[in-house]
2 protein chains.
Amino acid sequence: MTDAAIATPIEPKRARGRPRKTVDERDDGNRRPELLKAAALLFRRQGFAATTTRDIAAAAGMQSGSPFYHFKSKHALLYAVMEEGMHSALARQAAAIEVSARDSKANTPQVQLRCLVRAHFDVLHGPGSDFIPVMLYEHRSLLVRQRTALAQLQVQYESAWSPALEALHASGQLRAPVKLARLLILGALSWSVQWFDRKKGASLDELADAACALFVNPCGTDQELRSNFARSPTD
Amino acid sequence: MTDAAIATPIEPKRARGRPRKTVDERDDGNRRPELLKAAALLFRRQGFAATTTRDIAAAAGMQSGSPFYHFKSKHALLYAVMEEGMHSALARQAAAIEVSARDSKANTPQVQLRCLVRAHFDVLHGPGSDFIPVMLYEHRSLLVRQRTALAQLQVQYESAWSPALEALHASGQLRAPVKLARLLILGALSWSVQWFDRKKGASLDELADAACALFVNPCGTDQELRSNFARSPTD
DNA sequence: CCTACCGATCGGTAGG
DNA sequence: CCTACCGATCGGTAGG
């Protein structure tokens with residue numbers, strides 16, 4: 001707690017210069033991130049079961065046994081990829097929400113949804129975007145306890161959509177039940193992993209526009225337009 | 001073309017009584033369908049790479065080498081599952097389209113879409129519904145030539161959605177570009193494989209209702225309501 | 001469709 | 001993090 005920490009080499013974490021091993025994070029020159037990145041790429045392209053730990057080792061420039069110095073099993077590697085993906089996704093989502101909240105004037109539910117959609121496409125297709133697709137498509141390869149551990153983060157990610165969806169539903173701009181709407185919307189976006197190609201076709205912004213146009217009904221019952229609707233023949 | 005076909009045993013296919021082997025379809029008591037069904041179930045639950053041909057043999061009540069009497073390789077088994085799934089899906093889709101077309105009075109684009117959506121949910125979650133999910137989630141496990149062969153059937157299945165979507169777009173009831181809308185909609189439906197549970201929650205009909213409510217905008221520009229919108233402040 | 005089997009590969013480890 | 005290796009498993013086949 002004092003300046004002594006500066007002089008003594010017992011600082012618990014993140015010593016400058018060449019990194020030191022800890023019990024928690026033995027990092028040895030920090031090849032761990034490279035392994036994770038290689039694993040994410042290969043798991044995404046080939047699937048978990050079809051990827052060998054030797055493939056991953058080679059992609060990271062190591063020998064066949066070396067990944068097991070960093071991860072105690074192939075399953076631990078899979079879990080680490082997904083966990084890292086979720087933390088990164090949550091961070092990106094939080095940033096998107098904060099940005100839309102900053103401009104309180106334009107912070108309508110439509111804008112909030114659009115930001116969430118755009119952030120989700122970024123997570124799926126932006127740079128370094130192999131981690132979350134692995135989580136989406138290799139969920140069944142996890143061990144049971146790993147699945148339950150991840151579930152928390154997933155619930156957190158999905159919950160962030162609720163306020164905007166509830167508001168849109170209340171104003172009649174989202175016509176499906178909120179819970180089903182969230183499942184269908186997230187599915188529509190996530191499925192883009194199967195067909196989206198960054199190099200051709202629409203941009204991520206155009207994609208987000210199309211998705212919002214598809215889901216959000218502009219003539220909600222709360223709009224000024226509503227008065228034109230309210231007087232139905234049954235009045 | 002004449003009655004002769006009834007009397008003579010040279011009818012090319014589907015002889016009554018115990019089935020006969022052909023070069024094309026050696027069926028030997030017809031255990032092939034059982035193998036396909038077992039393979040579909042296991043491929044869906046565990047994935048292609050994580051399922052062994054021994055698993056499949058055991059599930060069909062055979063010994064480990066026997067699947068290779070019916071299929072020349074594990075990949076051929078995978079392809080057969082997907083091909084069967086697509087043919088079944090196309091048949092169900094055609095039936096749904098025919099039903100909606102029969103009642104020409106109520107055959108609006110909305111009704112057409114609703115029928116397609118409902119048929120798709122049936123394909124994904126109805127009885128014997130392991131084949132199409134395998135096709136959706138094990139696409140990358142196919143060999144290249146298998147993938148190109150399946151592509152024809154998939155294009156056919158997806159094309160059937162175009163007329164309804166085009167009509168809805170033209171009337172302003174579908175606000176996203178048709179091509180992107182089809183991809184997003186099919187994705188939203190197909191993703192339900194990940195979360196839908198037949199034993200709890202919504203029924204397939206409720207699901208179809210929610211999906212249509214989400215995608216289709218009831219106040220299109222062609223509706224009678226349109227006249228209320230057309231006079232925007234810029235007029 | 002079964003029996004018996006082969007060659008190859010794979011996750012993981014010991015020991016340094 | 002490498003070397004050398006083990007035990008188990010897997011897709012596929014011959015021969016009946």
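Residue numbers begin at 1 in each chain, while the letters A, B, ... track the order of the sequences.
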Nucleotide of dC2(D), dT3(C), dG11(C) approaching M62(A) most closely (side-chain heavy atoms): dC2(D)

Main-chain N/O of S203(B) paired to E206(B) side chain as donor or acceptor, under 3.5 Å: yes

Contacts of type salt bridge (charged side-chain N to carboxylate O under 4.0 Å, His left out), residue R102(A), not counting sequence neighbours: E98(A)

Counterpart residues, salt bridge (charged side-chain N to carboxylate O under 4.0 Å, His left out), relative to R114(B) (two or more places apart): D205(B), D209(B)

Partner set under side-chain contact (heavy atoms from CB on, under 4.5 Å) for V178(A), not counting sequence neighbours: L165(A), E166(A), H169(A)

Under 3.5 Å, sequence neighbours excluded: what are the donor-acceptor pairs made by side chains of residues 119-132 of chain B?
unit_1	atom_1	unit_2	atom_2	d
H120(B)	ND1	Y157(B)	OH	2.7
H120(B)	NE2	S190(B)	OG	3.2
D122(B)	OD1	R118(B)	NH2	3.2
D122(B)	OD2	R92(B)	NH1	3.1
H125(B)	NE2	S192(B)	OG	2.7
S129(B)	OG	L124(B)	O	3.3
S129(B)	OG	G126(B)	O	2.7
D130(B)	OD1	R44(B)	NH1	3.2

First encountered from the 5' end of DNA chain D, between L35(A) and H75(B): L35(A)

With A101(B) via side-chain contact (heavy atoms from CB on, under 4.5 Å) - residues at least two apart: N107(B)

Distance in angstrom units between Q63(B) CD and dC2(C) C1', rounded: 6 Å

Any residue of residues 139-150 of chain A with a heavy atom less than 4.0 Å from an atom of DNA chain C: none

Dot-bracket line, read 5' to 3' along DNA chain D, where crossing pairs take [ ] and | marks a partner on another strand, Watson-Crick or G-U under 3.5 Å: ||||||||||||||||

What protein N or O atoms touch nucleotides 4-9 of chain D N or O atoms at under 3.5 angstrom, if any, and at what distances?
none

Which residues share a salt bridge (charged side-chain N to carboxylate O under 4.0 Å, His left out) with R140(A), sequence neighbours left out: E138(B)

Pairing residues for H75(A) by the ring-ring contact (aromatic ring centres under 6.0 Å, His included) criterion, not counting sequence neighbours: F48(A)

Between C1' of dG11(D) and CZ of F71(B), the distance in whole Å: 16 Å

Sequence-distant partners of A59(A), side-chain contact (heavy atoms from CB on, under 4.5 Å), two or more places apart: A38(A), L42(A)

For I97(A), all residues meeting side-chain contact (heavy atoms from CB on, under 4.5 Å), sequence neighbours excluded: Q93(A), L116(A), A160(A)

